[in-house]
Amino acid sequence: MELSLSSPYVAEYVKAQTALMQVIDPELSVNIIDLGLLYGIDFSDAGKAVVTMTLSTPYCPMGDAIQSGVVNVLKACFPDREVEINLVWEPEWNYDRISESGKAQLGLI
Amino acid sequence: MTSTPIGKIPAGIAVLPFYGTAAVFFLVLCVLMLLAADELTRHYFSPHVLAIVHTAALGWGTMVIFGAAYQLLPVICERDLFSIPMAVASYCLLTVGTLLMVWSFWGFRVRVSLIWGGALVVASTLLYGINACGTAFSSRQLGIHRLFMMVSALWLLITAVIGLLLAINLSHTFIPRPHVDVLKLHAHAGLAGWFLQLITGVSAKLVPMFLLGKSKKTWLLYAALLLQNMGLVLFLADGYFNPITGKMLWYAGIVGLGTLAWLGYLVDTYCHRLRKKVETLMRHTAVSFGYLIAGFILLPMAYHAADVRWATLYGTFLFLGWITGIILGKTFKTLPFIVWNIRYQQLHGKAHVPLPKQLYNERLTIYQFYLYLGAFSSLVIGMVTNETWVIRTALFLWLALAVIYLVNVVKVLFHKPVFHHGTIT
C-alpha cells in the first residue's frame, strides 16, 4: 500500500498501517504489510474503513484468521468506523510483493 | 468481514481425533513390534505380523492421512469439506474397525470379529471416498492434485474391499487363487494406489508452499499419475489371472518411473525455492523419499531371494521408513495450524498470541528426527544381520520415538491459551 501525503486521510493511513503490522500471517510469521497483502484502505465514508487486500492464495488456510486480525486491529484503532474487507485476487499476489524486511524475516535474502 | 468465498479449515472434530488416535496407534504399533520382535524376520503371513502391518497401515498411516486430508481437501479444492458428519463417522468406523482387526489378527480369530472389523473399515473408506470426491467435484476445476486425491480414495476403497474378501476367505474359502498371492495384490493396491498416490498429490501441493518454491514442470505430475496407475492396474490384472512371476517386476518398474516423475517435480521445486533454509521437519520428508527409493530397489531382492527377511525388509522400508517418515515430518506442519485456528482466530489482532509453531515443542521434533534415523537404521541392521538383540534395541528406540511423538501431539491437541496480565502466553 502506498501512502499519499496529499490525501486528507494520511493520518488515518499511517495509524492503520502501523496497527496492521500487528497482524501476522501465522503460517509465514510475517506481518501482512511486509507480505504485501494490503492493497489499500478507503476512509472516504465517515462511518467506514474499507480495506482492499488479498491473500497469498485463494484457498489460504489462514485466510479467516488474517481477516479477523485485520478487523480486530482496525476496530481498536477506529472505534467509530465499521470495518469492511474487500478481498481481491487482481493483481494476483506473488513473492515480488514482499518487502525487503519481509524477505529478511523469511530468510530469503 | 468479506463474503468472498475462500477455502475454510473444517471444524476441529473432523480432524483432531484422527491425529490423536493415530499417535496412540503408533505407540501401540511399537509395543506390538517389541512383543513380536522374534517374529519380524519370519514369514509375513503370520498372526502377529499381520496385526502389526494392519496397525501400521490403518491405525497409523491411514488414520493420520484421513485427518490431514480432511484438513487439506478444502485447501486443495478451494471448497469447504463436503460433509463433516461423514468425516466424524469415518473416524469412528476406522477406529473400531482397526481395533477389531488388530485384535483378531493378533489372536488369529479369523471368523466374526475379523470380518466385522474389515466391514467397518470398508464403510469408513467408502465415507472418506464420498467426502473426497464430493469436495473435489464441487470445486471449479479438476486440477492434478484433486485427481490424485480422488484416484487414491478409489484405490483405498478397492484395497479395503479386497482385504474384506480375504478376511472372509480365511474362514470360508471362495477365492480361486492362492490366498498369499491375493494378499500381495491387496498390499500393493494399498501401497501404490492409496499411500503413494495420496502422498504424491498432497506433497505436490504442500512442498511448494512450505519451501516457497514453484516448478513449471506440471507435466511430470500427469506422467506420475499415468505411470503409477498403469503399472498398478497391469500388476493387479496380470497377478490375479496368472501366477505372480518375475515379469511383475516390470510393472513395479512402471510405478517406479511414475514415482521418479513425482520426485523429479519435487526436486525441481526444491531447486526453484525462495526459502533457502530447510528446517528439520522438511528433512524428515526428504529422508522418507530416500527410503521409498530404497524400497523399490529392494523389490527384486524381495522377489528372488528365498529368505523371507527381504520381503519383510521391503515392507519395513515402506511402512516404517517412507510412510512413517513423511507423517512424522508433516504432523507438525499441519496439526498446529488447525489448533491455532480454533484457539486464536478470533483473538488475532486483539492480543499478543503465540504462533502455530509455538504450540509444539520444537526441540522434541529435533530429537524425534535423530531418534527416527537411529531407530530405523538399527532396525534395518538387525533385520539384515538377523540379530535379535539388535532388533530389540532398535525397537526400544522406536518405542522412545513413539512416546516423544505422542507427547508432542498431545501438547498441541490440549493447548490452551493462558491469560497473564492481559496478554496471552
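Scope of the values below: all heavy atoms of this structure, side chains included, with no hydrogens, waters or symmetry mates. All chains are named by letter (A, B, ...) in the order of the sequence lines, taking the proteins before the strands, and each is independently numbered beginning at 1.
Rounding to the nearest 0.5 Å gives a distance of 13.5 Å between NZ of B:Lys350 and CD of A:Gln22.
Across every non-hydrogen atom of A:Ala65 and B:Asn341, the tightest pair is CB-OD1, 3.7 Å. Taking both residues in full, the closest heavy atoms of B:Trp340 and A:Pro26 are given as CH2-CG, 3.4 Å, listed atom of the first, atom of the second, then distance.
Environment of NZ in A:Lys75: sparse, with no more than 12 heavy atoms of neighbouring residues, nucleotides or ligands closer than 6.0 Å. Atom CD1 of B:Ile366 sits in a crowded spot, with more than 12 heavy atoms from other residues, nucleotides or ligands closer than 6.0 Å. Atom CD of B:Gln358 has more than 12 neighbouring heavy atoms from other residues, nucleotides or ligands inside a 6.0 Å radius.
Each of B:His348, B:Lys357, B:Lys214 has some count of heavy-atom pairs under 4.5 Å with chain A, and the biggest count is that of B:His348. Between chain B and the options A:Leu106, A:Ile24, A:Val73, the largest number of non-hydrogen pairs under 4.5 Å is found for A:Ile24.
Of the atoms belonging to A:Glu27, heavy atoms from both backbone and side chain fall under 4.5 Å from chain B.
No side-chain heavy atom of A:Asn72 sits under 4.5 Å from any side-chain heavy atom of B:Gln346.
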